[in-house]
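Predicted model only: the values in this text are computed from it and were never measured. First the proteins, then the strands, lettered A, B, ... as listed; each starts at 1. All heavy atoms count here, side chains included; hydrogens, waters and symmetry mates do not.
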Amino acid sequence: MRKLTREFYNRTSLDVAKDLLGKYLVHIVDGVEVIGRIVETEAYMGPFDKAAHSYNNRRTKRNEVMFGPPGFAYVFAIYGMYSCMNIVAEEAGKPQAVLIRSLEPVAGLEKMAELRYEKSLSDCNKKELTGLTNGPGKLCQSMHITRINNGTDMCGGSFYVAEGLEEQEFQVVSTTRVNIDYADEAIHYPWRFFIKGNKYISQK
DNA sequence: GTCATGATACAG
DNA sequence: TGTATCATGACC
């Protein structure tokens with residue numbers, strides 16, 4: 001598989017969010033290749049997007065990486081217990097990012113089950129199998145993405161997004177984003193994208 | 001459906 | 001010091 005280049009991410013987060021669908025998130029964990037196909041994303045457009053951490057160019061220790069160059073991981077802790085995985089879009093100085101909301105497991109499922117449930121894949125029921133990666137906090141657990149990965153360059157090394165050899169056909173649905181009730185008019189922006197009919201789409 | 005969990009940011 | 005948040009699981 002071909003790694004996506006810096007140029008891929010050097011566009012608006014809306015474009016990057018749409019084009020990340022169908023691509024493969026790869027993380028080498030303990031020498032094991034853990035891979036998920038990206039099936040749901042959300043774009044956060046920065047200074048003029050009330051739902052974004054970087055709204056009004058708010059710059060903190062947490063979101064610092066959003067202000068840097070594209071193609072880097074922005075991983076933050078939410079509600080004390082979970083992590084959320086984003087990839088920075090646009091050139092340095094434009095703090096945009098794409099939230100990865102759900103994946104379809106492709107490889108390393110045994111490792112995923114171990115990381116998320118501390119048990120073997122064969123001991124997982126149907127709901128647990130879907131639950132491996134059908135939400136932003138869940139996929140971070142299954143792919144061992146933590147705040148340690150914050151600021152990682154996604155264009156090289158052992159944590160990256162790659163293109164499949166053959167693109168499968170799919171339809172993209174765009175709708176409003178999840179759990180941003182605080183964001184006034186931004187609530188209504190159709191900046192959530194997912195692959196129509198995929199069973200790993202997060203609920204809500 | 002409700003509620004506890006608790007890192008991070010920010011207002012006071 | 002209190003309140004809110006790009007979520008989830010355990011409960012009812």
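Rounding to whole angstrom units, NZ of residue K50(A) and P of dT5(C) are separated by 14 Å. Atom NE2 in H53(A) sits roughly 16 Å away from atom P in dA4(C) (whole-Å rounding). At whole-Å resolution of the value, CD1 in I78(A) and P in dT3(C) are 19 Å apart. When the P atom of dA4(C) is taken as reference, atom OH of Y55(A) falls 19 Å away, rounded to whole Å. The separation between R62(A) atom CZ and dA4(C) atom C1' is 11 Å, rounded to whole Å. Nucleotide dA4(C) holds its C1' atom 8 Å from the OH atom of Y79(A), rounded to whole Å. Here dT8(C) presents its C1' atom at 14 Å from CZ of F76(A), a figure rounded to the nearest Å. At whole-Å resolution of the value, CD1 in I180(A) and C1' in dA7(C) are 15 Å apart.
Geometrically, R6(A) does not engage F8(A) in a cation-pi contact, judged by NZ or CZ lying under 6.0 Å from the ring centre and within 45° of the ring axis. Both the sub-6.0 Å distance and the 45° axial angle are satisfied by R177(A) relative to the ring of Y44(A).
Contact check on K119(A) versus E128(A) returns a salt bridge, with a Lys/Arg side-chain nitrogen under 4.0 Å from an Asp/Glu carboxylate oxygen. Salt bridge absent: E64(A) and K61(A) never bring a charged side-chain N and a carboxylate O closer than 4.0 Å.
The distance from the CD atom of E114(A) to the NE2 atom of H144(A) is 9.5 Å, given to the nearest 0.5 Å. The OH atom of Y24(A) sits 9.0 Å away from atom CD1 of I35(A), with the distance rounded to the nearest 0.5 Å.
The backbone N or O of T146(A) sits less than 3.5 Å from a side-chain atom of N149(A), completing a donor-acceptor pair.
If you chain together hydrophobic residues whose side chains sit under 4.5 Å apart, L99(A) and I78(A) never meet in one group.
No more than 12 heavy-atom neighbours from other residues, nucleotides or ligands sit within 6.0 angstrom of NZ on K94(A).
Mapping G131(A) and D181(A) onto DNA chain C by nearest heavy atom places D181(A) closer to the 5' end of the strand.
Under 4.0 angstrom from either OP1 or OP2 of dT8(C) there lies no side-chain N or O belonging to R116(A).
Paired with S13(A) under the rule side chain to side chain contact (heavy atoms under 4.5 Å, CB included), one option of E42(A), Q96(A), E90(A), K18(A) passes, and it is Q96(A).
In this structure, H53(A) and F76(A) have perpendicular ring planes: the angle between them is above 60°, well past the 30° mark.
Of the residues in residues 80-89 of chain A, those with a non-hydrogen atom less than 4.0 angstrom from any atom of DNA chain C are Y82(A), C84(A), N86(A).
When DNA chain B is scanned in the 5' to 3' direction for atoms under 4.0 Å from non-hydrogen atoms of chain A, the outermost contacting nucleotides are dT5(B) to dC10(B).
Stem analysis of DNA chain C (Watson-Crick or G-U pairs, both distances under 3.5 Å, runs of at least three) returns B:1-5 with C:7-11, B:7-11 with C:1-5.
Residue contacts for R177(A): at a heavy-atom cut-off of 4.0 Å it reaches no nucleic acid atom on any strand shown.
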